[in-house]
Amino acid sequence: GVQGEGTDLASQEIERGQGEEAREHSLFTLGGILRPIDHLVISPSVEYDVLPEFVTLTNGVSVRDGGRYSIAAAWRSDRLSILTNNTGRFGIYAPKGDEIEGEVQLGYQSDERLFFRSGIAYKLALGIFTAQASVGATYFVTDTVGIGANAAYQLQPATGVSKIAFGLEGSFRVLNGLILSAGFNFTGYTGIGGFTQPGFYVRLDWKFDERLFGVKP
């Protein structure tokens with residue numbers, strides 16, 4: 001279904017100077033959940049805000065409106081899952097400058113013991129484009145204990161800066177579809193998606209869909 005709303009209400013916190021009074025504004029939202037085919041769910045959303053007068057953001061630009069636009073989608077089958085989330089922020093929703101970012105994550109289960117992961121992420125902010133690709137795999141040596149490895153690569157074409165992350169991890173199957181992993185990245189960086197920072201990390205993977213809650217697909 002699709003839902004929308006238009007409201008006049010008290011201003012939200014929007015990077016105002018100290019002591020500045022709240023302004024009234026008009027906030028409009030629109031969102032929905034679509035299921036065009038089996039296994040595929042798409043969720044777009046829009047939020048648009050209009051102020052009665054111009055405000056100056058932290059980047060020095062004066063604006064009086066702005067929006068947040070996003071689209072998320074999920075495709076799941078018995079062995080393959082693809083998830084994506086993409087968001088654009090403009091005007092008063094982006095105090096440091098307009099930005100667009102998103103990611104696509106893919107997971108594949110070849111059998112009950114071997115799992116593959118891969119993903120791509122991107123971000124365009126302040127005129128600089130950043131891209132990231134990641135891969136990983138986990139093999140369960142027993143029904144409950146697994147070992148795995150992950151790697152990621154980030155690149156900024158405009159600056160020529162590239163970074164690499166690599167780590168190893170151990171996994172424990174808590175329940176069917178619920179896996180707890182703890183790992184260590186030997187090399188890493190602050191990325192735009194995933195677990196890429198150097199050092200220890202913990203990740204929880206939970207595979208579920210509407211059938212888990214008793215809703216028929």
Side-chain angles (χ1 to χ4, degrees), residues 1-36 40-74 82-106 119-134 152-165 185 188-199 201:
V2 178
Q3 60 184 12
E5 181 180 359
T7 313
D8 290 327
L9 38 81
S11 177
Q12 298 172 334
E13 293 297 327
I14 308 175
E15 294 293 333
R16 295 188 297 269
Q18 186 175 5
E20 189 174 347
E21 295 182 357
R23 302 176 175 89
E24 291 193 358
H25 63 140
S26 298
L27 177 65
F28 304 91
T29 61
L30 178 66
I33 299 177
L34 310 173
R35 187 167 187 168
L40 176 63
V41 176
I42 302 174
S43 178
S45 67
V46 175
E47 186 171 305
Y48 186 75
D49 205 346
V50 182
L51 299 176
E53 59 186 56
F54 284 89
V55 296
T56 301
L57 303 180
T58 56
N59 62 357
V61 176
S62 295
V63 297
R64 62 167 297 181
D65 61 357
R68 179 185 182 276
Y69 311 91
S70 69
I71 182 168
I82 303 174
L83 307 175
T84 181
N85 187 35
N86 306 270
T87 303
R89 301 178 186 87
F90 306 93
I92 58 177
Y93 284 77
K96 297 181 181 180
D98 296 346
E99 62 180 27
I100 302 173
E101 62 181 345
E103 62 178 338
V104 180
Q105 296 292 331
L106 182 149
I120 58 173
Y122 65 91
K123 184 173 184 177
L124 177 61
L126 302 177
I128 299 178
F129 179 76
T130 304
Q132 177 178 289
S134 60
Y153 177 76
Q154 180 174 285
L155 174 66
Q156 283 186 346
T159 62
V161 175
S162 61
K163 302 175 183 179
I164 296 176
N185 285 330
Y189 56 89
T190 301
I192 54 177
F195 298 84
T196 60
Q197 292 189 341
Y201 66 88

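Quick note: numbers below take in every heavy atom, side chains included, and nothing from hydrogens, waters or symmetry partners. Small disclaimer: the values here were computed from a predicted structure and weren't measured.
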message: If I take atom CG from residue Asp98 and atom CG from residue Leu126, how far apart are they, to the nearest 0.5 angstrom?
response: 9.5 Å
query: If you measure from CG on Asp65 to CG on Asp49, what distance do you get to the nearest 0.5 Å?
result: 8.5 Å
task: For residues Ala152 and Tyr189, report the shortest heavy-atom separation together with the two atoms involved.
output: CB-OH, 3.5 Å
query: Looking only at heavy atoms, what is the nearest atom pair of Pro157 and Phe129, with distance?
result: CD-O, 3.3 Å
message: Once rounded to the nearest 0.5 Å, what's the spacing between atom CG of Asn185 and atom CZ of Phe195?
response: 10.0 Å
task: Starting at OG1 of Thr190, measure out to CD1 of Ile192 and round the result to the nearest 0.5 Å.
output: 12.0 Å
query: In terms of side-chain geometry, is the basic nitrogen of Glu99 or Arg89 positioned less than 4.0 Å from the acidic oxygen of its partner?
result: yes
task: Could you walk me through whether Thr29 and Glu47 pass side-chain hydrogen bond (donor to acceptor under 3.5 Å, both in side chains), step by step?
output: CA-CA 4 Å; Thr29 61; Glu47 186 171 305; over 6 Å; no
query: Could you go step by step and tell me if Thr87 and Asn85 meet the side chain to side chain contact (heavy atoms under 4.5 Å, CB included) rule?
result: CA-CA 7 Å; Thr87 303; Asn85 187 35; 4.2 Å; yes
- line: Looking only at heavy atoms, the pair that brings Ser162 and Leu155 closest together is CB-CD1, 4.0 Å
- prompt: Atom CZ of Phe90 and atom CZ of Arg68: how far apart are they, to the nearest 0.5 Å?
  reply: 11.5 Å
- prompt: Can you tell me how far the CD1 atom of Ile164 sits from the OG1 atom of Thr196, to the nearest 0.5 Å?
  reply: 12.5 Å
Full working for side chain to side chain contact (heavy atoms under 4.5 Å, CB included) between Asn86 and Tyr122: CA-CA 9 Å; Asn86 306 270; Tyr122 65 91; 2.7 Å; yes
- prompt: So, does Thr84 use its side chain to make a donor-acceptor pair with the main chain of Glu103 at under 3.5 Å?
  reply: yes
query: Looking at residues at least two apart in the chain, or sitting in another chain, which of them share a side-chain hydrogen bond (donor to acceptor under 3.5 Å, both in side chains) with Ser70?
result: Ser45
